Amino acid sequence: MFNIGHVISIRDFSKREIDSVLSKAEELEPYARGTRGDLLAGKILANLFYEPSTRTRLSFEAAMKRLGGDVINLHSPEASSVAKGENLADTIRTVSSYCDVIALRHPQEGAARMAASFASVPVINAGDGAGQHPTQTLLDLYTIKREGLLDNLRIAIVGDLKYGRTVHSLTYALSLYRARLYLVSPPELRIPEGIKSDLEESGAEIYECEDIGEVIREVNVLYVTRIQKERFPDPAEYSKVAGTYRITTELIAENEDVMIMHPLPRVDEIDAEVDRTRNARYFLQAFYGVPVRMAILSILLER
Ligand code: NCD
């Protein structure tokens, strides 16, 4: 179904390809909920994670296992030959011969594309530095679609728009759906100029501001993100922007229908009280990682 064979950047996808992943995910959702499946029996996924992860790694693993497949893991580079100085290309060449598909998370932007050029199996980018996180975007879109909001979407994306890879991937995808984007961040964490001009060129409607209060009544989705502490070259710069935004029940009261999303993990940007409101969707969103990753894996492996 994909022309590409790898899943590196959401920009490599057409709207039709995205829609077909979302439909496939819908079809597979019962398996994510526990129906036994064997679509991926005999297949092995290698999870290569050079950065921390909870949801991405475990939902890939759950997706694979619930469809009858198997998983091998490198979740601690310190315990592998990476610690002896092995480069990524050699690791990828080797691991390719042990599995049918690789999910790679790496701190360096561009690592997944590089890895794909050395791999003899499909590579899925599970996050490359501040670059892209295409599978997160697909599950974000799935969440929005399941709420019937994908057409006519007015979304505020809040927090770290500079370093947040989930934001970079999501904004590109949303420009295909003609969403209206409200980009809310401190001036230091605005979306990179290069991405902004790409979005504008593709006809996206963008409004940038610093204050959520200004846009809360305009949107049907509030997509909150964590300030990406680990990407700041200078910790003092992080301290200046840490804790800038906090979503509270008082804020939500200004727009009772707004749906709150977050790729997670959250630190302090969403008040725990919000979890109990009917607006909160972030844990459901995390669950949707399973059917969406099932869809991606089965499309790549059924070729
Ligand atoms: C995100 C990531 O790793 O980019 N997490 C995830 O995959 N759900 C978001 C983050 O770390 O803030």
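Counting starts at 1 for both ligands and their atoms, in listed order. What you see below is based on every heavy atom in this structure, not just the backbone, and it leaves out hydrogens, waters and symmetry mates. In this text, all values refer to a predicted model and were calculated from it rather than measured experimentally.
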Check the angle between the aromatic planes of Tyr50 and His106 and answer parallel, tilted or perpendicular using the 30° and 60° thresholds.
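Aromatic pair Tyr50/His106 classed tilted.
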Identify whether the distance between the nearest side-chain nitrogen and carboxylate oxygen of Glu205 and Arg180 falls below 4.0 Å.
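Looking at Glu205 and Arg180, the cut-off is met.
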Numbered atoms of ligand 1 (with element) below 4.0 Å of [X], judged on heavy atoms:
X      : answer
Gln228 : 10 (C), 12 (O)
Pro265 : 10 (C), 11 (O)
Arg105 : 3 (O), 7 (O)
Thr56  : 6 (C), 7 (O)
His133 : 2 (C), 4 (O), 6 (C), 7 (O)

State, to 0.1 Å, how close Ser298 and Leu39 come at their nearest heavy-atom pair, and which atoms those are.
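Of all heavy-atom pairs spanning Ser298 and Leu39, the closest is CB-CD2, 3.7 Å.
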Side chain, backbone, both or neither: Thr225 near ligand 1, heavy atoms under 4.0 Å:
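Looking at Thr225 and ligand 1, no heavy atom falls under 4.0 Å.
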Does ligand 1 have a heavy atom under 4.0 Å from the side chain of Glu51, from its backbone, from both, or from neither?
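For Glu51, no heavy atom sits under 4.0 Å from ligand 1.
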Donor-acceptor pair, Ser14 side chain versus Glu17 backbone, under 3.5 Å?
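Confirmed, Ser14 side chain pairs with Glu17 backbone.
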Donor-acceptor check, side chain of Ser175 to backbone of Leu199, threshold 3.5 angstrom: yes or no?
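No, the answer is negative, given that no donor and acceptor are paired below the 3.5 Å cut-off.
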Quick one: look up the protein heavy atom nearest [atom] and list residue, atom name and how far away it is.
atom                    : answer
atom 6 (C) of ligand 1  : Leu264 O, 3.5 Å
atom 4 (O) of ligand 1  : Arg165 NE, 2.7 Å
atom 11 (O) of ligand 1 : Arg226 NH2, 2.9 Å

Would you sort out whether Arg190 and Glu208 count as a salt bridge (Lys or Arg N to Asp or Glu O under 4.0 Å), showing the intermediate values?
CA-CA 8 Å; Arg190 281 160 94 149; Glu208 285 183 290; 3.5 Å; yes
Can you tell me which residue among Gln136, His133, Gln132 is in a side-chain hydrogen bond (donor to acceptor under 3.5 Å, both in side chains) with Ser169?
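So, applying the side-chain hydrogen bond (donor to acceptor under 3.5 Å, both in side chains) to Ser169 and each of Gln136, His133, Gln132, only Gln132 qualifies.
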